Amino acid sequence: MTLWQPFLNEVLTYHYSISPPHRSSLTLLKGIERATSSFPIASCDSPVTYYKTIAQMTDYLLRFVANDQSFVHILDAHDAFITTSCTSDTCVVPSCMNVFVVDHISLLDALQQCEKHFGQKSNTITIHHVMKNRLCYVTFTSETYCEKTG
């Protein structure tokens, strides 16, 4: 696990703790500010690396998270943050999941964590690799799946 995954989780935990009608780009920026204050510059190779990484993460989160109104779960085993859009009012079984990671997490790991937590597969898992600025999609149909990377 890199040192940035807890930072990302702290930002997203703050953002998603706010009720959906009140979430905005501003609440996301407040989450980033809160996480930044508890994350020392000395933990990075240089101040340039520190601020560059925060800028990259801020850009990505503003584009992909700011207006998301999803329910939230966390995959503890991989410290990967998951937001879910659910098929029921109780959000017991998510039909799709968004996984926000800094570290590498395989689609198989995401599937196994989903099955472990919810007792069945999601139809779609989207993995957001924040520092790589890319998305991976996996769509499940019965026992087979199709993977797309974009």
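This one's a predicted model, so the numbers in the text were calculated from it and none came from an experiment.
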task = With rounding to the nearest 0.5 Å, note down the distance linking OG1 in Thr49 to CD1 in Ile41.
result = 11.5 Å

key: Gap between atom OG of Ser38 and atom CD of Glu33 - 0.5 Å precision   = 11.5 Å

ask   = Which word best sums up how the rings of His128 and Phe100 line up, parallel for under 30°, tilted for 30 to 60°, or perpendicular for over 60°?
value = parallel

query = Shortest non-hydrogen contact from Val11 to Gly31?
reply = CG2-O, 3.7 Å

note = Note: Leu28 and Leu61 closest approach over all heavy atoms is CD2-O, 3.2 Å

request  = Please confirm whether the backbone N or O of Glu10 pairs with a side-chain atom of Thr13, one donor and one acceptor, at under 3.5 Å?
outcome  = no

request  = State the OG1-CD1 distance between Thr27 and Ile32, to the nearest 0.5 angstrom.
outcome  = 9.5 Å

request  = Given side chain to side chain contact (heavy atoms under 4.5 Å, CB included), test Ile54 with Phe7 step by step and report yes or no.
outcome  = CA-CA 10 Å; Ile54 289 175; Phe7 175 90; 4.2 Å; yes

task = To the nearest 0.5 angstrom, please state how far the NZ atom of Lys52 sits from the SG atom of Cys44.
result = 12.0 Å

inquiry  = Working note: Leu29 + Leu62, criterion side chain to side chain contact (heavy atoms under 4.5 Å, CB included); need CA distance, chi angles, decisive distance, verdict.
reply    = CA-CA 8 Å; Leu29 289 171; Leu62 285 171; 4.1 Å; yes

message = Below 30° counts as parallel, above 60° as perpendicular, anything between as tilted: where do the rings of Tyr50 and Phe39 land?
response = parallel

message = Looking at every heavy atom in both Met57 and Val102, which two are closest together, and how far apart are they?
response = CE-CG2, 3.9 Å

note = What one should report as the nearest heavy-atom pair of Tyr16 and Arg23 is O-NH2, 3.4 Å

note = d(Ser43 OG, Trp4 CH2) to nearest 0.5 Å is 6.5 Å

